[in-house]
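Okay, structure first, notes after.
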Amino acid sequence: NCKMQVISFGKAGRVDRAWKVFRKMQQQGWDPDNITLTSLINAFCKARRTDDALKFFEEMEGKGYHFSAPTYNALILGLGNEKRLDQACSIFESMYKRGCIPGVDSFNSLLTALKQNGKATDAVKFFERMRKEGLSPNLYTYNILIEVLGKAGFEEELNEVRENMLRDGYNGSLITYNIVINGLCKTERIDDALNLLQEMRLKGYSPDCHTHSSLIWGLCRANRIDDACKLFYEVATAGEVPNVVVYSSLLNALSKAGKFDEAEKLFEQMVTKGFTLDVVAFNTMIGCLGKGGKIDKAYKLFQVMQEKGCEPDKVTYTSLVVSLNKVGRVTEAC
RNA sequence: GACCCUAGUCAUA
């Protein structure tokens, strides 16, 4: 029925469709429940349309609806994602006054917002505060903290958090490994990351696409392009199916290393295998072609992506303009 | 049936 449609359109990122269905349903005198409303609010937030979400939230609150934690969490995350940390904090603090006392999930949402804005110190403060409020951090909490502290290079705090985590009985998960591996890759410690890859295997975890794309990125950054290719083919032959992100990571690595022909071959392979290419995959290949001097081919791919229903974004245009300028075709760029 | 944790692309990256 209509409610299911709102939820599934929302989940699929088709916010406008969800919104239309919702309005129609409302006009027919339907009284939506919290779950439907939150699905919509969440869909707006995920589409980086948090202002629409807030407007809708306030409108519904004015009509007497009162919301529960998931609604606030969605808003906190949306605001954090749009770098509107102050507002994210305000919403969080307002929960107390609105009679919805933040639980672990809401603290986790706020910690995620802090993490996305690199606020490691504040994250630690809120972590302490949640304990003071009688809440027990869960694995999500620890994973978020590990990421933000790792990226900020807060080594002592990291160790403290790790101890807390173990004391609370959490040994980490595949996602924990992925977070740490990615952090090591991003901070130029690829060998430590590769050691962790071995360790996680020994512990019985199966590295997944997140693990592999992080490592390929790290190897590329360390100028170890051959190792990146090796890793890619190893996992492919080990029966693990690389997804479009893993392919794009290697594509990017090849492009950065100036291996343009191999990059084109890999891209062809992606097409042949029937992957649904997303905007990042197209952007990577367009950038690669431009870098390799094949401007016309890059432009052609720009047209192909649109034919395939993939909307170019800011990065697409910047790449094309930069490539055109490099060969002096400034007018075309305009 | 709604909410909380991880990966890839541009402007000498």
Side-chain angles (χ1 to χ4, degrees), chain A residues 1 3-8 10-11 18 32-43 45-46 67-78 80 100 102-113 115-116 137-148 150-151 170 172-183 185-186 193 207-218 220-221 228 242-253 255-256 277-288 290-291 298 312-323 325-326:
Chain A
N1 52 26
K3 176 179 156 177
M4 297 274 290
Q5 280 189 345
V6 173
I7 293 172
S8 47
K11 257 204 185 310
D33 62 8
N34 248 334
I35 291 174
T36 314
L37 298 178
T38 304
S39 301
L40 257 179
I41 287 171
N42 191 38
C45 291
K46 291 270 143 61
F67 293 98
S68 48
T71 321
Y72 294 98
N73 298 347
L75 291 169
I76 291 164
L77 289 167
C100 180
V104 180
D105 295 351
S106 298
F107 270 93
N108 288 345
S109 302
L110 185 64
L111 287 170
T112 299
K115 184 201 78 181
Q116 274 161 339
N138 61 18
L139 185 54
Y140 284 23
T141 319
Y142 285 115
N143 285 340
I144 297 161
L145 281 168
I146 288 170
E147 189 185 340
V148 68
K151 283 185 175 157
Y170 295 108
S173 63
L174 173 62
I175 292 184
T176 315
Y177 270 103
N178 286 343
I179 289 169
V180 177
I181 285 174
N182 186 46
C185 290
K186 291 273 147 63
D208 66 3
C209 291
H210 290 262
T211 328
H212 298 137
S213 53
S214 293
L215 288 168
I216 288 170
W217 192 97
C220 168
R221 171 55 64 101
N243 65 7
V244 65
V245 177
V246 180
Y247 266 94
S248 310
S249 304
L250 187 64
L251 193 62
N252 183 242
S255 171
K256 289 266 192 316
L277 302 180
D278 62 11
V279 64
V280 177
F282 279 114
N283 288 348
T284 308
M285 195 59 223
I286 287 172
C288 178
K291 221 177 140 206
D313 63 9
K314 226 178 161 61
V315 176
T316 322
Y317 291 106
T318 323
S319 305
L320 277 172
V321 169
V322 167
S323 302
N325 281 344
K326 214 157 39 183

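Just so you know, these numbers use all the heavy atoms, side chains as well, and skip hydrogens, waters and symmetry mates. Because the structure is predicted, anything quoted here is derived from the model rather than measured. Residue numbering restarts at 1 for every chain, and letters A, B, ... go by the order of the sequence lines.
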Side chain to side chain donor-acceptor pair (under 3.5 Å) with A:Asp313: which residues, sequence neighbours excluded? A:Asn283, A:Thr316
Nearest-Å distance, OH (A:Tyr177) to C1' (B:U6)? 15 Å
Can A:Tyr140 be called stacked on B:C4 when the rule is centres closer than 5.5 Å and an angle between planes below 30°? no
Whole angstrom is fine here: how far is it from CG in A:Asn42 over to P in B:A2? 10 Å
Applying ring pair (Phe, Tyr, Trp, His ring centres under 6.0 Å), name anything that partners A:Phe282, two or more places apart in sequence or on another chain. none
Summarise how protein sits on nucleotides 7-13 of chain B as a single string, 5' to 3': B when a protein heavy atom is under 4.0 Å from the base, S for sugar-phosphate-only contact, - for no contact. BBBBS-S
Tell me, do A:Ser39 and A:Lys11 make a side-chain contact under 4.5 Å, heavy atoms counted? no
Atom CG of A:Asn178 and atom P of B:C5 are separated, to the nearest Å, by 15 Å
Hey, does A:Leu77 reach any base, or is it just sugar-phosphate, or nothing, if we go heavy atoms under 4.0 Å? sugar-phosphate
What interatomic distance, in whole Å, is found between C1' of B:G8 and the corresponding atom of B:C4? 24 Å
Exam field: side chain A:Lys291 to backbone A:Ser255, donor-acceptor pair closer than 3.5 Å: yes
Here the distance between atom P of B:U6 and atom CG of A:Leu215, to the nearest Å, is 17 Å
Here the distance between atom P of B:U6 and atom CG of A:Asn108, to the nearest Å, is 11 Å
Take atom C1' in B:U9 and the same atom in B:A13, then report the distance between them in whole Å. 11 Å
Classify A:Ile175 by what it touches in the nucleic acid, base, sugar-phosphate, or nothing, heavy-atom distance under 4.0 Å. base
Output all residues satisfying ring pair (Phe, Tyr, Trp, His ring centres under 6.0 Å) with A:Tyr140, sequence neighbours left out; order by chain, then residue number. none
Write down the distance between CZ (A:Phe107) and C1' (B:C3), rounded to a whole number of angstrom. 16 Å
Check the distance between B:C5's P and A:Leu139's CG and give it to me in whole angstrom. 12 Å
A:Ser68 meets the side chain to side chain donor-acceptor pair (under 3.5 Å) criterion, sequence neighbours left out, with none
Nearest whole angstrom, please: distance from the P of B:C4 to the CG of A:Leu145. 17 Å
Mind checking salt bridge (Lys or Arg N to Asp or Glu O under 4.0 Å) for A:Asp278 and listing every partner two or more places apart, or none if nothing turns up? none
Give A:Thr141 one of three labels, base, sugar-phosphate or nothing, depending on what nucleic acid heavy atoms sit under 4.0 Å from its own. nothing
